[in-house]
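Written out below as structure tokens is the structure these notes cover.
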Amino acid sequence: MTLFIHNTLSRKKEAFEPLNPDHVGIYVCGPTVYDYAHIGNARPVVVFDVLTRLLRRFYPKVTYVRNITDIDDKINAASRETGEDIRSITDRTAKVYHDDMAALGALPPDVEPRATDHVAQMITMTEQLIETGNAYEAEGHVLFNVPSMPEYGRLSGHSRDELIAGARIDVAPYKKDPADFVLWKPSDADTPGWDSPWGRGRPGWHIECSAMSQEYLGTEFDIHGGGQDLIFPHHENELAQSRCANHSDRMAKYWMHNGYLMAEGEKMSKSLGNFYTVHDLLDEFPGEAIRLALLQTHYRQPMDFTKDGIADARRTLDKWHRIAGDVTAAGEDMPQDLIDALSDDLNTPKAIAELHRLAGKGTDNARRALKAGANFMGLMGETADDWFKWSPATASDVDEAAIDALITERNDARANKDFTRADEIRDQLTAQGIVLEDAAGGTTWKRG
RNA sequence: GGCGCGAUGGCGGAGUGGCUACGCAGCGGCCUGCAAAGCCGUGUACGCCGGUUCGAGUCCGGCUCGCGCCUCCA
């Protein structure tokens, strides 16, 4: 079995051949922790979660690194606005991020480095870039000199000339070349800063991922992932920094990028009110339904994320849980067709189709395979019973004993053909968001 | 303006030179006190215009529309 992945560097699907089959390394750009993650931020988390699960199936050791960006001018701005301490903002936001991503069924990364813990490494790399002649100091800034790297632009497909021609902002006067970008910048007294050979300051955005990926995965590693919008400038600049500092031909062997996401047919924007945060969606829907909705579209496709889509996904999971019941799946139950689909550049929609196929078969083997495959994709992680009793955060608390009592009363009424009373009870519970289902084995309830 | 991605049935969404994707919704039927679930059957597609081919959603060219990026902003 060969794993194929689309490599942004070649813009082709390639067979994955790890640098070292005994230890695969993957780095994914994580969040800047100044605000709750929106659904667009969740897509790469879920996509690369599936990828790491797959890599772990194929290789004995996988190190998954996903950073937390806690040095950023947006964080600084938020702190100035609200008066909340920076560390408090970043800790609080990171905590919510962890909870939200866990609710989506994403396993935590093996290493989750924070930028603030790696400033020394960033300074070292910046010094190296000055030594190699790829960077220079100017007015307290250190800038990467783009013309010093002939292959700059290979990842994004932009040439330096095009970038300059298309530039929409004024070029800072201290730049040698209009395309040069910041490695280090000075901080004033009110802004977080660290001592450096160039005075008190803070790192530019791109250098953190260069420094931290190297710290945990080495100068060359297997896969670097993130959203498509990171290809330029973030990943292009990371690549330039790391390669030049290390005199290396490459940084990551494979670069993977997930497609962008819209909400309800429109570009997500706060002004349009269609800016879904994961945190808010989790009040309305089970996390696994959101996860399945995200996986229903292939990761490189643009995606229109809708609440209807989550509701659909939820009904699908309802059905699968009804079919699988409480079977337990073992390793040998894993459906090979599902693994094959995922191995073809993470074809999750095809893998999901395979789960549908198993759901329709009706045999015990198929039920176990359904559960095993769903579990592998981070779905159906709880019992059917727990799944059906999930309730939205807005729902009022319901007394389960009272429900059971009403069910008993209704069944007595039904036995006596008192269907008026039976329907009253159904309506009463429906009004509370409780749905009753009469089956051969008795009456069960779930939250609507 | 430059670079890139996308366009499949009512909706979601794979696929790929010739053979039903699949799911949801719809319609007809069975079952059911009601409801749900389940079962059987069933219709609808490949943005537009050319070209290559015995044959094209599938390859080539052009066009239209949508979206992303074009530097200190993840």
Side-chain angles (χ1 to χ4, degrees), chain A residues 8 11 29-35 37 40-41 44 67-69 72-74 141 143-144 146 153 156-172 175 177-185 203-209 226-237 257 259-262 265-267 292-293 295-298 300-304 306 308-309 311-313 315-316 318-319 322-323 341 344 347-357 359-360 362 410 413-414 417-420 422-423 426-427 430 435-440 443-446 448:
Chain A
T8 306
R11 301 189 189 282
C29 290
T32 301
V33 282
Y34 71 104
D35 200 0
N41 299 320
N67 65 294
I68 288 212
T69 298
D72 184 276
D73 286 347
K74 283 201 291 277
H141 295 71
L143 293 128
F144 185 92
V146 167
S156 60
H158 292 306
S159 73
R160 179 192 148 274
D161 292 346
E162 286 163 4
L163 295 175
I164 294 165
R168 289 181 302 201
I169 62 140
D170 294 334
V171 175
K175 285 188 178 182
D177 187 275
D180 292 352
F181 60 89
V182 164
L183 299 171
W184 187 266
K185 54 190 165 186
W205 165 32
H206 317 298
I207 193 77
E208 66 171 89
C209 290
Q228 197 181 65
D229 50 345
L230 294 179
I231 295 174
F232 192 88
H234 186 52
H235 287 166
E236 190 72 68
N237 291 355
H257 296 94
Y260 47 86
L261 187 144
M262 298 193 300
E266 296 183 85
K267 183 179 171 179
L292 180 57
L295 292 175
Q296 247 157 359
T297 300
H298 181 88
R300 284 194 288 114
Q301 288 285 340
M303 175 174 190
D304 183 19
T306 63
D308 281 350
D312 270 357
R315 279 190 291 273
T316 297
D318 282 347
K319 180 176 174 178
R322 270 197 302 270
I323 289 166
D344 182 14
N347 194 335
T348 52
K350 198 173 180 185
I352 289 164
E354 173 62 14
L355 294 177
H356 279 299
R357 198 184 67 75
R410 175 168 166 277
R414 289 172 69 212
K417 307 272 185 210
D418 180 3
F419 296 120
T420 307
D423 287 345
R426 175 188 285 289
D427 292 344
T430 300
V435 178
L436 298 186
E437 292 179 6
D438 299 324
T443 301
T444 58
W445 64 273
K446 64 174 189 172

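Worth saying up front: this structure is predicted, and the values here are computed from it rather than measured. Numbers restart at 1 for each chain; the letters A, B, ... are given by sequence-line order, proteins then strands.
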Rounding to the closest angstrom, what is the interatomic distance between B:A14 and B:C54 at atom C1'?
28 Å

C1'-based separation of B:A25 from B:G13 [nearest Å]:
14 Å

Value in whole Å for how far the C1' atom of B:C72 lies from NE2 of A:H206:
6 Å

What residues, two or more places apart in sequence or in another chain, satisfy side-chain hydrogen bond (donor to acceptor under 3.5 Å, both in side chains) together with A:D72?
none

Could you tell me which non-hydrogen atom of A:V146 sits nearest to which non-hydrogen atom of A:D180, and how far apart they are?
N-OD1, 2.8 Å

Please evaluate the base of B:G33 for a donor-acceptor partner in the side chain of A:R410 within a cut-off of under 3.5 Å?
yes

Distance, nearest 0.5 Å, that separates CD1 of A:I352 from CG of A:N347:
9.5 Å

Closest non-hydrogen atom pair, A:L143 against A:L183
C-CD1, 4.2 Å

Which label fits B:G57, syn or anti, where anti is any glycosidic angle not within 90° of 0?
syn

Check every strand shown and say whether A:T69 touches a base, only sugar-phosphate, or nothing at a heavy-atom separation below 4.0 Å.
nothing

Applying side-chain hydrogen bond (donor to acceptor under 3.5 Å, both in side chains) to A:D318 and not counting sequence neighbours gives A:W387

Over all atoms of both residues, closest heavy-atom pair of A:Q296 and A:A313:
OE1-CB, 4.2 Å

Smallest heavy-atom separation, A:P349 atom then A:H298 atom, equals CG-N, 3.4 Å

Considering every strand and a 4.0 Å limit on heavy-atom distances, what is the contact class for A:H298: base, sugar-phosphate, or nothing?
sugar-phosphate

Partner residues of A:D312 under the side-chain hydrogen bond (donor to acceptor under 3.5 Å, both in side chains) criterion, sequence neighbours left out:
A:R315

Pick the closest RNA chain B nucleotide for A:R11 and for A:A422 by heavy atoms, then say which residue is nearer the 5' end.
A:R11

How is A:L436 classified with respect to the nucleic acid when contacts are heavy atoms under 4.0 Å: base, sugar-phosphate, or nothing?
base

Between B:C73 atom P and A:F232 atom CZ, what is the distance in whole Å?
14 Å

Picking from B:C5, B:G13, B:A37, which would you name as closest to the side chain of A:R322?
B:A37

Is there a side-chain contact between A:N237 and the phosphate of B:U71, meaning an N or O under 4.0 Å from OP1 or OP2?
no

Could you give the CD-to-C1' distance, from A:E236 to B:G4, as a whole number of Å?
13 Å

Measuring only the P atom in each nucleotide, how far is B:G57 from B:A7? A whole number of Å is fine.
16 Å

As a test of reading the structure: which of B:C70, B:G33, B:G6 is closest to the side chain of A:P302, going by heavy atoms?
B:G6

C1'-based separation of B:G15 from B:U20 [nearest Å]:
13 Å

Identify, with sequence neighbours excluded, every residue that meets ring-ring contact (aromatic ring centres under 6.0 Å, His included) alongside A:H234.
A:W205, A:H206

Distance in angstrom units between A:M262 CE and B:C69 P, rounded:
13 Å

Establish, with yes or no, whether the OP1 or OP2 oxygen of B:C69 is under 4.0 angstrom from a side-chain nitrogen or oxygen of A:S156.
no

Give me the distance, rounded to whole Å, that separates B:C48 from B:U64 when you measure between the C1' atoms they each carry.
7 Å

Atom SG of A:C209 and atom CG of A:N237: how far apart are they, to the nearest 0.5 Å?
11.0 Å

Distance in angstrom units between A:L261 CG and B:G66 C1', rounded:
15 Å

Whole-Å distance between B:U71 P and A:L143 CG?
15 Å

Nearest to the side chain of A:F419, which nucleotide is it out of B:G33, B:C69, B:U71?
B:G33

Among the nucleotides B:G13, B:C72, B:A35, whichever has the atom closest to the side chain of A:V182 is B:C72

What does the list of N/O pairs under 3.5 Å between the protein and nucleotides 18-24 of chain B look like, with a distance for each?
residue: B:C24; atom: OP1; partner: A:K319; partner atom: NZ; Å: 2.9

Between B:C70, B:C67, B:C72, which nucleotide gets closest to the side-chain atoms of A:K185?
B:C72

Extract the stems that RNA chain B is part of, considering only consecutive pairing runs of at least three Watson-Crick or G-U wobble pairs, both distances under 3.5 Å.
B:1-7 with B:64-70, B:10-12 with B:22-24, B:26-30 with B:38-42, B:47-51 with B:59-63

P spacing across the pair B:C19 / B:G55, given as an integer number of angstrom
15 Å

A:Q301 CD to B:G4 P, in whole Å, measures 18 Å

Quantified in whole Å, what is the C1' atom distance between nucleotide B:G10 and nucleotide B:C67?
24 Å

Least distance between heavy atoms, A:H257 atom then A:R300 atom:
O-CG, 3.7 Å

Out of B:C34, B:U71, B:C5, which has the shortest distance to the side chain of A:R426?
B:C34

Closest heavy-atom contact between A:A293 and A:G309?
CB-O, 4.0 Å

Please report the distance, rounded to the nearest Å, between CZ in A:F181 and P in B:U71.
14 Å

Between B:G51 and B:C40, how far apart are the two C1' atoms, rounded to whole Å?
46 Å

Any donor-acceptor pair, under 3.5 Å, between the side chain of A:D73 and the base of B:C73, if you only look at N and O atoms?
no

When all nucleic acid strands are considered with a 4.0 Å heavy-atom cut-off, which category describes A:D438: base, sugar-phosphate, or nothing?
base

